Amino acid sequence: MEGLKILIIYSFLFCNIRTASTRDAISLGQSIREGETVVSASESFELGFFSPGKSKSRYLGIWFKKIATGTVTWVANRDAPLSDRSGVLSMSRRGNGTALVLLNSTNDVVWSSNIVSRAAQNPVAVLLESGNLVVKEKDGNDNDDPDHFLWQSFDYPSHTLLAGMKLGVNLVTGLNRLMSSWKSADDPARSEYTYGIDPSGVPQAMLKKGSTIRYRAGSWNGLHWTGMPQLQPNPVYTFEFVSNENEVFYRFKLINSSVPTMMVINTIGDVQRFTWMEHTKKWGLFARFSGTILDHCNIHSDSPDCECLEGFEPKSPGDWYMLDKSGGCGRKTPLNCKHGDGFLKLKTVKVPDTRYAQVDKNIILLECKELCSRNCSCTAYANSDVRGGGSGCLLWFHDLIDIKVLPEIGQDIYVRMAASELGKIERRKQQRKAKQVTIIITSILLATGVILLGAIVYIWKKKHRNYGKTDDRQELYSNEKGSSKEEMELPIFDWKTIVDATDNFSEENKLGEGGFGPVYKGMLIEGQEIAVKRLSKSSGQGVEEFKNEALLIAKLQHRNLVKLLGCCTQRDERVLVYEYLPNKSLDYFIFDTTRSKVLDWQNRCHIIGGIARGLLYLHHDSRLRIIHRDLKASNVLLDNEMNPKISDFGMARAFGLDQTEANTNRVVGTYGYMSPEYAIDGLFSVKSDVFSFGVLVLEIVSGKRNRGFYHADHRHNLLGHAWQLWIQDRPAELIDKSLYDSCSLSEAIRCIQVGLLCVQQIPEDRPNMLSVVLMLSGERSLPQPKQPGFFTERNLPESESSSSKQNLSSTNEISFSMLEAR
Ligand SMILES: *[C@@H]1O[C@H](CO)[C@@H](O)[C@H](O)[C@H]1NC(C)=O
Ligand SMILES: *[C@@H]1O[C@H](CO)[C@@H](O)[C@H](O)[C@H]1NC(C)=O
Ligand SMILES: *[C@@H]1O[C@H](CO)[C@@H](O)[C@H](O)[C@H]1NC(C)=O
Ligand SMILES: *[C@@H]1O[C@H](CO)[C@@H](O)[C@H](O)[C@H]1NC(C)=O
């Protein structure tokens, strides 16, 4: 009795410093129960009993103690919860060995570590600084060698991978260390999502749901997973991949132990990397990839819009164009091994699934090619290690599944092709080259003609000087000079053909009114449907835009840009002929309560992605750097599969590749989509298009127009509304109600975040389209957005209000040109 009293006083006295119930080890015969914990040496981690979230069940687990108290990293009895607070963890003899066992109130074993079969003399369980609970020989000299512990929790990961933990397989014992997600925030039981290393064939990192692959990071290429080039040396952690006959694993180590980082697989199967941020005292999300989208399809590039590689075609084209791509692609020309096949080189890809591939690390690429061409069932080869210019040999013997062309760095692969197919591909290349050569010759021959034309244009220009300022024109013509050869590639339609096709521009065929004149639907005699844009004679400035558009768009080819088929001029008539897109424009759907149901979340994601890729092409990948300057919902047309196509290049400007910003006195564009620096100062750059894109993304997700947005609580426009919701941590409220059934919340929030990043006030803060595309695909972590520009309509400059009256009242936004006195 006396002894007990003293103990209670003792614990009272010291409870502020260290509760009497913590210990640093459990020796044989000792145990801990509710209220008692085991703490690592400098109190980084703690082991004890807890209940997650709203759950009443008790679990034995490990969590961060010093920082982020309560962040659970490991759970022992995740599949066998204790129903009350009577659990006891003890170190005891089991059979002829020793084990850590967790007993419930009826003394039944709920969980136990594997029996330590070695006749341990004095086993002791200790929680290490790394968060690893280990059983080791108390006085052993193998104390901290992870390969010599009698047992360790690091061998049985829950949903968290901490620094020093191996993710992978011990090929000798068969032990597979996988991360597996909790069922819910209240239930740490194993769910179906796992992330780990699949050792079959050439080992790959894979995110699976049950046995289905959801995401394949791919094989290790010496530097990183082939599909994850963003895994780069960084200031927070180092990483390694080991693959030998005994084991295959990935592991990372902290560079500075006071800046911890961890990987977590969450309940919806997203793998996320968090790093502790001391200044905010929070875990910052630094990278993630998703298990919610099945990112795995047959021979293709640029998933999720799978495409067949050159020389391949969809096996069942009907399904393919209905977006069911599970049938995959087949060869246009079958292989013919005896008569010699060749190889087509594909650059910067994520190499295909290697579960059935073979590797030889000791040979060079030339020997690899030799091996592959000698074996008729070999379908492709590549270097297995890309370091130092490449070494080693990977060989595929099956269908090539899940090839992805990466926007940045990737590795090269050589795909087997029938010689005749290679010939065709080569011929197409040659033709493209030959065309260029003839064009050059022709253009020399026509040089005098061009000079003459120049003179005529000059005179004509003088006559029309009163339309717009000349600086715009000069820039246009200087671009024109370098590219006059392409101009000739544009097919010229006969005036009569156009008149016949549109039934002499009849009212019935009128589709609408563009910025510079009416647009008609037409049908050529061959049955092809076309859209005909007729420049209205009254619009003087339109002549400029007409030439501009014809010149620019003729040079652009991308599936997310509307295709110009040709042009036609007759006296003072000017006509552009486009492919006809039956599904009208995006604004027709998203802003209408009934029609918006047609575009479910998948469609909208696809549309956002398509617009982003179209813009990426304009900004970075086309031969000219092109700024569209009038991106908006009504300029995004939809084809019959709801693929988005950017249209209306009347205001687009070509930049030199080294030019990043320009100034104009003539501000053209549409209010609601214009960035502040452009609307106010006439400064435009790729970042002004990014702003418009951001507005468009927020409009697509919310189904509301930025301009004319009304909310009872405030006077902000859509951007301001989105921003308010964002900073109040309620972004989900922005999502269009008609999307509730089809929407993936995490994807929608990602889109909102990308949208907000794009509309940030300062152009330099906005991401470029390359980053946007990566962010949308979930392959890049997202920074926190800063305050958007123009989030209240009222901060527009005074001068514009008069010239935009028509826009204020009109719901059908019309592009305008503004001549500003400077
Ligand atoms: C432990 O006992 C089992 C049988 O009970 C025996 O097969 C095994 O060899 C023993 N292991 C050691 C390490 O003594
Ligand atoms: C203890 O565990 C055993 C075996 O799992 C179970 O049958 C028993 O009901 C548990 N006792 C309590 C009080 O939960
Ligand atoms: C480790 O990080 C802490 C906190 O950010 C910092 O104070 C310390 O200087 C860093 N140590 C080293 C060696 O970089
Ligand atoms: C081609 O390679 C496969 C896979 O290694 C092998 O099974 C087959 O025997 C080889 N064929 C020939 C003709 O060498």
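Keep in mind it's a predicted model, so treat the numbers as computed, not measured. Order of appearance sets the numbers: ligands from 1, and atoms from 1 within every ligand. For the single chain, residues carry numbers from 1 onward in sequence order.
- Contacts with ligand 4 closer than 4.0 Å are made by no heavy atom of Cys376, backbone or side chain.
- Annotation: cation-pi geometry satisfied between Lys350 and Tyr215 (NZ/CZ under 6.0 angstrom from ring centroid, within 45° of ring axis).
- Taken from OG1 in Thr37 to CG in Leu127, the straight-line distance is 9.5 Å, to the nearest 0.5 Å.
- Here the two rings, on Phe274 and Phe286, have centers that are 6.0 Å apart or farther.
- By the neighbour-count criterion of 12 heavy atoms within 6.0 Å, atom NZ of Lys369 is sparsely surrounded, having that number or fewer from other residues, nucleotides or ligands.
- Protein residues having a heavy atom under 4.0 Å from any atom of ligand 3 are Asn256, Ser258, Val259, listed by chain and number.
- Under 4.0 angstrom from ligand 4, there are no non-hydrogen atoms of Arg374.
- Nearest heavy atoms, Thr267 versus Trp182: CG2-O, 3.2 Å.
- Looking at residues two or more places apart in sequence or on another chain, you find a side-chain hydrogen bond (donor to acceptor under 3.5 Å, both in side chains) between Lys786 and Asp765.
- The shortest N/O to N/O separation between Ser377 and ligand 4 does not fall below 3.5 Å.
- Geometrically, ligand 2 and Thr106 share a nitrogen or oxygen pair separated by less than 3.5 Å.
- Within ligand 4, counting atoms from 1 as listed, the ones closer than 4.0 Å to a heavy atom of Asn375 are 1 (C), 2 (O), 3 (C), 8 (C), 10 (C), 11 (N), 12 (C), 14 (O).
- Looking at ligand 2, you won't find any N or O of Asp84 less than 3.5 Å from one of its N or O atoms.
- The atoms of ligand 2 that sit less than 4.0 Å from any heavy atom of Ser83 are 14 (O).
- Here the two rings, on Tyr156 and Trp111, have centers that are 6.0 Å apart or farther.
- Considering only heavy atoms from C-beta on, Phe289 comes within 4.5 Å of Tyr195 through its side chain.
- Using a 4.0 Å cut-off between a side-chain N of Lys or Arg and a carboxylate O of Asp or Glu, Asp79 and Arg190 qualify as a salt bridge.
- Those atoms of ligand 4 with a heavy atom of Gln358 less than 4.0 angstrom away are 4 (C), 5 (O).
- Counted by atom type alone, Trp726 and Gln784 present one or more donor-acceptor pairs between their side chains at under 3.5 Å.
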